[in-house]
Engineer: 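The structure follows.
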Amino acid sequence: MKAFPLRIFSVVFLLVLVAGCANIVPPTGGKKDTTPPKLVSLSPADSLLNTRVTQITMRFDEFIALDNATKEIQISPVMPFPLTTVLSGKKLTVSIPDSLLKDSTTYRISFGKSIKDLNEGNVFKNMNYIFSTGGFFDSLMIAGTAYEAVTGKPAGSDINIVLYDARRPDSAIVREKPEYVVKVKDKGHFILPGLPGKSFRIYALKDDNDNLIYDGTNERIAFIDSIIFPADTIGKLIELRLFKEIAPLDTAKDADSVKTNMRERSGKRRGMIVDSKDFRYSVGVDTSNKDKRTHDLNKPVKISFGNTVDTYDIERISLSLDSSDTLIPFTITRDTLPNILFMDADWKENTLYTIKLLKDFAEDTSGQMATPSKHMFRTKGEEDYGILITNVPSVYLGKKYRLVVTTEKDTLYNKPVTDTIVQINRLLPEKYSLSIIVDENENGIWDTGNLFEKIQPELVIPHTDVIDMKAGWEIVVDFVMPVTEGQSAKTKIGAPPVRGDRPGAK
């Protein structure tokens with residue numbers, strides 16, 4: 001009888017123990033793997049002389065994956081076909097056609113970002129394999145920086161630097177692959193090592209289809225006007241500025257074709273029976289709250305139509321203060337797009353305006369008439385804007401230098417530098433970039449280049465920092481351009497560099 005409570009206690013204890021054991025907590029896991037694969041063996045060894053290497057075997061300490069091998073794995077001198085790669089677990093084999101190897105030539109294979117670990121995608125970087133089919137290694141080099149011409153900023157890592165034998169014609173860039181190629185590194189820098197002692201033509205290429213050939217106006221290209229010679233040390237850096245050429249409408253036949261297509265489209269529109277509801281439009285103002293300051297004092301009102309506008313009647317459009325009949329002068333202009341109109345006026349700050357669009361104020365190409373509407377909106381106040389004051393170096397003073405202020409989507413200011421102090425009012429709270437265009441022909445716009453006419457794009461000099469404007473702020477900046485490695489501010493400020501100047505530049 002006395003043993004009964006002890007048995008109950010034992011049963012309860014066992015149940016508690018089992019319940020505790022059943023409450024399994026999943027492991028929390030360790031730190032994320034950020035270590036790239038390690039190369040544990042390489043056969044044949046790197047940097048061999050008098051050897052025709054036809055197969056390279058690389059073994060790593062973990063399972064690997066290949067990413068975009070055809071593009072990332074490059075051999076210089078370039079071969080007509082991509083190298084063959086075979087991946088098996090932790091082993092990578094690269095095959096090189098023996099028949100394509102030249103005598104007494106130094107070959108360099110760059111693996112780029114092609115090799116990654118299988119699970120986390122950590123990249124095995126900076127792998128280069130070198131061998132020579134002769135008794136020495138070519139050791140000369142060429143170095144420089146590639147820039148995007150339209151912004152003046154360093155080019156990205158998707159840009160190829162390519163070399164052609166100087167004895168090849170200028171047209172080789174559009175007909176055949178280059179002899180040497182290397183990817184641009186950080187901040188637009190590049191270096192081509194292991195070059196022989198001969199002359200080259202150099203280009204930078206945004207190769208969209210990865211064929212290492214310039215395919216025309218859809219790709220970006222850069223060149224310099226002179227032949228270059230490799231050296232045994234890095235001397236003056238080469239500067240290449242990438243631009244996109246403009247495809248000209250250069251024949252009367254092309255122009256007539258375009259006109260014919262426009263007439264055909266217009267005829268089809270006129271022949272269609274379309275419900276008048278389809279000729280819809282919107283006015284780009286905020287009418288939700290007449291006390292809310294919304295419309296930018298610097299911009300016109302945009303009227304967007306669903307169909308192409310054939311005609312509009314300015315007599316059936318009005319702009320007035322508040323809801324009164326006090327009419328305000330305005331202008332109406334067409335956009336380059338055929339379905340957009342702009343209404344502009346001398347907007348006053350913190351003022352309520354009314355736009356009235358009367359019945360039939362616009363007609364589309366099918367003969368439909370626009371319906372009437374009314375729109376009340378308020379303009380912004382001066383306190384909604386900031387002021388930017390820029391101190392411009394005197395070397396940029398003159399008509400051919402233009403100060404340009406842009407956002408990511410728009411250009412807010414583009415005028416010649418007539419004073420070393422430039423004040424720009426009414427800038428909305430946003431991030432702004434500054435640059436100076438060297439407008440050689442003084443036509444007021446940035447002009448791109450032309451490869452075969454050997455015209456360089458006009459130089460764009462960017463300010464180092466982005467300006468973060470706030471409402472009510474006045475920001476004063478000294479215009480300073482970036483200084484690249486190996487170049488001083490003294491050599492950078494002023495006229496464009498000697499290499500790649502536009503004809504006639506000083």
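Remember, it's a predicted structure, so these values are computed and weren't measured experimentally.
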Engineer: Is the CG atom of Asn443 crowded by more than 12 outside heavy atoms at less than 6.0 Å?
Structural biologist: yes
Engineer: Check Arg52 with Asp98, please: is the shortest side-chain N to carboxylate O separation under 4.0 Å?
Structural biologist: yes
Engineer: Please walk me through it: do Val150 and Val460 pass side-chain contact (heavy atoms from CB on, under 4.5 Å)?
Structural biologist: CA-CA 6 Å; Val150 71; Val460 176; 5.8 Å; no
Engineer: As an exercise, state the distance from CG of Asp447 to CD1 of Ile455, rounded to the nearest 0.5 Å.
Structural biologist: 9.0 Å
Engineer: Taking side chain as C-beta onward, heavy atoms only, is Tyr385 less than 4.5 Å from Asn298?
Structural biologist: yes
Engineer: Within a reach of under 6.0 Å around NZ of Lys113, are more than 12 heavy atoms found that belong to other residues, nucleotides or ligands?
Structural biologist: no
Engineer: Evaluate the side-chain proximity of Asn307 to Asn339: yes if any heavy-atom separation is below 4.5 Å, no if none is.
Structural biologist: no
Engineer: I'd like to know if the side chain of Glu442 and the backbone of Lys399 have a donor-acceptor N/O pair within less than 3.5 Å.
Structural biologist: no
Engineer: Quick one, Val184 and Ile161 - any side-chain contact, counting heavy atoms below 4.5 Å?
Structural biologist: yes
Engineer: Step through the shown structure and confirm whether more than 12 heavy atoms of other residues, nucleotides or ligands are within 6.0 Å of CZ on Arg167.
Structural biologist: no
Engineer: With a 3.5 Å distance limit and no angle check, can you tell me whether Thr133 reaches the backbone of Thr105 through a side-chain donor-acceptor pair?
Structural biologist: yes
Engineer: Can you confirm whether Asp186 is buried at CG, in the sense that more than 12 heavy atoms of other residues, nucleotides or ligands lie under 6.0 Å from that atom?
Structural biologist: no
Engineer: Between the side chains of Asp208 and Asn218, is a donor N or O closer than 3.5 angstrom to an acceptor N or O?
Structural biologist: no
Engineer: Can you tell me how far OG1 of Thr93 sits from CG of Leu83, rounded to the nearest 0.5 angstrom?
Structural biologist: 12.5 Å
Engineer: Quick one: which of Val438, Ile437, Ile436 gives a side chain to side chain contact (heavy atoms under 4.5 Å, CB included) with Leu459?
Structural biologist: Val438
Engineer: Determine, step by step, whether Ile109 and Gln74 satisfy the side-chain contact (heavy atoms from CB on, under 4.5 Å) criterion, reporting the C-alpha distance in whole Å, the side-chain angles of both residues, the deciding distance to 0.1 Å, and the verdict.
Structural biologist: CA-CA 6 Å; Ile109 303 174; Gln74 297 176 335; over 6 Å; no
Engineer: Taking side chain as C-beta onward, heavy atoms only, is Ile221 less than 4.5 Å from Ile173?
Structural biologist: yes
Engineer: What orientation do Phe131 and Tyr107 show, parallel under 30°, tilted 30 to 60°, or perpendicular over 60°?
Structural biologist: parallel
Engineer: May I ask you to check if Lys90 and Phe63 form a cation-pi contact, with NZ or CZ under 6.0 angstrom from the six-membered ring centre and within 45° of the axis?
Structural biologist: yes
Engineer: Between Thr151 and Trp446, is any pair of side-chain heavy atoms under 4.5 Å apart?
Structural biologist: no
Engineer: Stepwise, does the side-chain contact (heavy atoms from CB on, under 4.5 Å) test hold for Met469 with Ile387?
Structural biologist: CA-CA 8 Å; Met469 180 62 69; Ile387 298 173; 5.9 Å; no
Engineer: Working to the nearest 0.5 Å, report the span between CZ of Arg175 and CD1 of Ile213.
Structural biologist: 10.5 Å
Engineer: Please report the C-alpha distance between Thr34 and Glu120 in whole Å, then the side-chain angles of each, then the deciding distance to 0.1 Å, and finally whether the side-chain contact (heavy atoms from CB on, under 4.5 Å) criterion is met.
Structural biologist: CA-CA 7 Å; Thr34 58; Glu120 299 295 340; over 6 Å; no
Engineer: Are there over 12 heavy-atom neighbours, none belonging to Lys153, within less than 6.0 Å of that residue's NZ?
Structural biologist: no
Engineer: For the pair Asp468 and Lys431, find out whether any cationic side-chain nitrogen is under 4.0 Å from an anionic carboxylate oxygen.
Structural biologist: yes
Engineer: Hey, is the main chain of Ser282 close enough, under 3.5 Å, to the side chain of Ser304 for a donor-acceptor pair?
Structural biologist: no
Engineer: How far does CG of Asp138 sit from CD1 of Ile130, to the nearest 0.5 angstrom?
Structural biologist: 11.0 Å
Engineer: Treating Arg220 as the side-chain partner and Ile159 as the backbone partner, does any N or O pair qualify as donor plus acceptor under 3.5 Å?
Structural biologist: no
Engineer: Between CZ of Phe479 and CD1 of Ile461, what distance do you get to the nearest 0.5 Å?
Structural biologist: 6.5 Å
Engineer: For residues Ser435 and Thr406, determine if any side-chain heavy atom of one lies less than 4.5 Å from a side-chain heavy atom of the other.
Structural biologist: no
Engineer: Would you mind reporting whether Leu42 and Met127 have side-chain heavy atoms less than 4.5 Å apart?
Structural biologist: yes
Engineer: State whether Glu179 and Lys198 are salt-bridged, where the test is any N-O pair (Lys NZ or Arg NE/NH1/NH2 against Asp/Glu carboxylate O) under 4.0 Å.
Structural biologist: yes
Engineer: Check whether Asn122 reaches the backbone of Asp117 with its side chain - one donor and one acceptor, N or O, closer than 3.5 Å.
Structural biologist: no
Engineer: Can you tell me how far apart OH (Tyr214) and CZ (Phe452) are? Round to the nearest 0.5 Å.
Structural biologist: 8.0 Å
Engineer: Closer than 3.5 angstrom, by distance alone: can the side chain of Tyr396 be matched with the main-chain N or O of Arg402 as a donor-acceptor pair?
Structural biologist: no
Engineer: Considering non-hydrogen atoms only, spot the tightest contact between Phe342 and Pro300 and give its length.
Structural biologist: CD2-CG, 3.8 Å
Engineer: Do the side-chain N and O atoms of Tyr164 and Asp170 include a donor-acceptor pair separated by under 3.5 angstrom?
Structural biologist: no
Engineer: Is there a side-chain contact between Gln456 and Phe223 in this structure, where contact means two heavy atoms from C-beta onward sitting under 4.5 Å apart?
Structural biologist: yes
Engineer: Is Glu176 paired with Arg168 through a side-chain N to carboxylate O contact shorter than 4.0 Å?
Structural biologist: yes
